[in-house]
Structures are given as structure tokens and as C-alpha cells.
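Take a look at the structure set out below.
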Amino acid sequence: MKCPFCHVVNDRVLDSRTCENGYAIRRRRQCRSCGRRFTTFERPEPVQLKVIKRDGSREPFDRKKLKRSLEIACGKRPVSDAKLEQVVSEIENRLYSEFDSEVESRFIGELAMEQLRELDQVAYVRFASVYRSFQEVSDFLEEIKQILGDGAFKPRRKKLRPPRKH
């Protein structure tokens, strides 16, 4: 493995751990030349899954693209990067276990919405608004009514305090 700092192929492994629910190995390495440490990940190379887009075109499944879309939906929300990584891993694992070579983008979007619905209701509505191409405020209201109607989320009510007297 080439050191990302000095580009010399001479390192030693300091620590190895499984990650991503056992589907990858994280290795901490130290370059014997410059002494700097870096992390590498080892994953089995899966058969490349193709995503069938709405227009019928096909493109390779991109884990980073999925994570980026979830990060945008969860922007400024109390959702940790570790939790997002777990969600992406769960979606990816399900895709590779259920499909051999191709999957419709619609299915990936539905899986993402299913995960976000349990994770954060605001992130869910944000994602749904883009994924389902909301055009009007009524589209948002319908989605929110559906969420509140099935009991999946309970609206949080702020406790009202009497105004402070000066």
C-alpha cells in the first residue's frame, strides 16, 4: 500500500477491525518511511449493480451519491454521520442481497425514505419533496398528514411559557 503522504510502499498494519456490519475491514497503518499514520478499508468487490433511472438509462450504483442525498436531507438535523453511514450500509446490503445486476432507482428511493422515516421526520419530508417532485405546498401537507395519520411520528409541541416580566 502506498503512503498517501510520501508515496513510499513500506508500511505496517497497527490495527484491524471489522466495520460496516462485518462487510469491511478497517486497517490503521503507519508508514515506515515518514512515520505518518493513515486508514484503509478493505471490502469484497461486489458485482457492479446498475441503477435503472426513470428515463430508462442505466448507471452504476454509487454509494457516495446515496450518502450525499441523505446528508442533504439531514442537513442541520441531529443525525450523526455514523448513523447515516449505517443507513447507507443497510440500504446497500439489501440491494446487493435482493438484486443480481439491476435495480430501479425508484426502489432505492423508497428504501431511503423508509429509513429516513424512522430516523428523522424533517429529513424524511425533505427527501420526499425532492424524490416525489413536490410542486405545491399542498403536496407537503398531504405527506405530513400521512405521516401523522399513521402514528409513526408524534408532533412535538413546545411548552409555552408565560412572557417574562421586565
Side-chain angles (χ1 to χ4, degrees), residues 4 15-28 37-161:
D15 181 43
S16 293
R17 296 181 186 184
T18 61
C19 61
E20 297 177 16
N21 297 327
Y23 288 94
I25 298 173
R26 176 187 178 271
R27 298 193 196 280
R28 281 297 288 161
R37 294 180 179 194
F38 57 99
T39 302
T40 60
F41 292 89
E42 187 177 318
R43 294 178 183 89
E45 190 171 345
V47 175
Q48 186 60 45
L49 197 59
K50 296 279 186 187
V51 177
I52 304 169
K53 308 291 279 182
R54 287 181 186 177
D55 65 2
S57 65
R58 287 164 169 72
E59 66 179 47
F61 172 73
D62 185 356
R63 174 189 177 86
K64 292 177 187 171
K65 187 175 178 181
L66 174 61
K67 185 173 182 193
R68 199 169 40 252
S69 66
L70 294 175
E71 286 172 338
I72 290 168
C74 294
K76 297 186 181 182
R77 300 294 305 153
V79 178
S80 70
D81 191 54
K83 187 63 182 169
L84 275 180
E85 190 61 41
Q86 180 184 352
V87 166
V88 171
S89 290
E90 288 175 18
I91 292 171
E92 184 179 32
N93 293 340
R94 186 159 169 201
L95 293 175
Y96 280 105
S97 68
E98 292 184 24
F99 298 93
D100 292 329
S101 60
E102 294 184 331
V103 60
E104 291 185 27
S105 61
R106 179 178 50 83
F107 185 78
I108 298 171
E110 293 298 327
L111 285 179
M113 287 181 29
E114 184 180 296
Q115 292 285 332
L116 284 174
R117 190 176 180 119
E118 294 175 22
L119 187 65
D120 185 279
Q121 60 185 335
V122 173
Y124 168 79
V125 173
R126 286 177 178 171
F127 189 90
S129 72
V130 174
Y131 177 71
R132 293 190 176 147
S133 303
F134 289 0
Q135 299 296 317
E136 299 179 14
V137 175
S138 61
D139 297 332
F140 284 92
L141 290 173
E142 287 302 314
E143 193 67 36
I144 291 168
K145 283 179 187 176
Q146 186 178 1
I147 292 169
L148 296 175
D150 69 7
F153 295 112
K154 303 224 185 306
R156 290 185 289 173
R157 303 211 187 270
K158 291 185 178 181
K159 293 181 182 175
L160 296 175
R161 292 185 233 163

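Any value given below was found using the heavy atoms of this structure, including those in side chains, with hydrogens, waters and symmetry copies removed.
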Open item on the list: Between S97 (side chain only) and N93 (backbone N and O only), is there a donor and an acceptor less than 3.5 Å apart?
Closed with: yes

- [ ] Answer whether the closest heavy-atom distance between the side chains of V103 and F61 falls below 4.5 Å.
- [x] no

Open item on the list: Can you list everything that forms a salt bridge (Lys or Arg N to Asp or Glu O under 4.0 Å) with R37? Sequence neighbours excluded, please.
Closed with: none

Task: Inter-residue atom distance I52.CD1 - S105.OG, 0.5 Å rounding - done: 8.5 Å

Open item on the list: Tell me every residue that passes side chain to side chain contact (heavy atoms under 4.5 Å, CB included) with R26, counting only those two or more places apart in sequence or in another chain.
Closed with: D15, C19, R28, T39, F41

- [ ] Could you give me the CA-CA distance, side-chain angles and deciding distance for K65 and E59, then say whether salt bridge (Lys or Arg N to Asp or Glu O under 4.0 Å) is met?
- [x] CA-CA 12 Å; K65 187 175 178 181; E59 66 179 47; 2.9 Å; yes

Open item on the list: Using a 3.5 Å distance criterion without hydrogens, assess whether the side chain of R43 forms a donor-acceptor pair with backbone atoms of E20.
Closed with: no

- [ ] Tell me, please, which residues at least two apart from I25 pass side chain to side chain contact (heavy atoms under 4.5 Å, CB included).
- [x] S16, R27, E42

Task: F127 vs M113, side-chain contact (heavy atoms from CB on, under 4.5 Å): CA-CA, chis, key distance, verdict - done: CA-CA 7 Å; F127 189 90; M113 287 181 29; 3.3 Å; yes

- [ ] Please name the pair of heavy atoms, one in L116 and one in A73, separated by the smallest distance, quoted to 0.1 Å.
- [x] CD1-CB, 4.2 Å

- [ ] Could you pull out the closest heavy-atom pair between R126 and C74, with the gap in Å?
- [x] NH1-C, 3.9 Å

TODO: Have a look at L111 and tell me which of R106, E92, R94 forms a side chain to side chain contact (heavy atoms under 4.5 Å, CB included) with it.
DONE: R94

TODO: Name all residues meeting the side chain to side chain contact (heavy atoms under 4.5 Å, CB included) criterion together with Q115; count only those two or more places apart in sequence or in a different chain, and write none if there are none.
DONE: V87, E90, I91

Open item on the list: Going by side chain to side chain contact (heavy atoms under 4.5 Å, CB included), name the residues that satisfy it together with K76, two or more places apart in sequence or in a different chain.
Closed with: none

- [ ] Mind running side-chain contact (heavy atoms from CB on, under 4.5 Å) on D81 and E71 for me, showing each step along the way?
- [x] CA-CA 8 Å; D81 191 54; E71 286 172 338; 3.7 Å; yes

Open item on the list: I'd like to check the ring pair (Phe, Tyr, Trp, His ring centres under 6.0 Å) partners of F99; sequence neighbours left out, ordered by chain and number.
Closed with: F107

Open item on the list: So K83 and L119, do their side chains get closer than 4.5 Å, heavy atoms only?
Closed with: yes

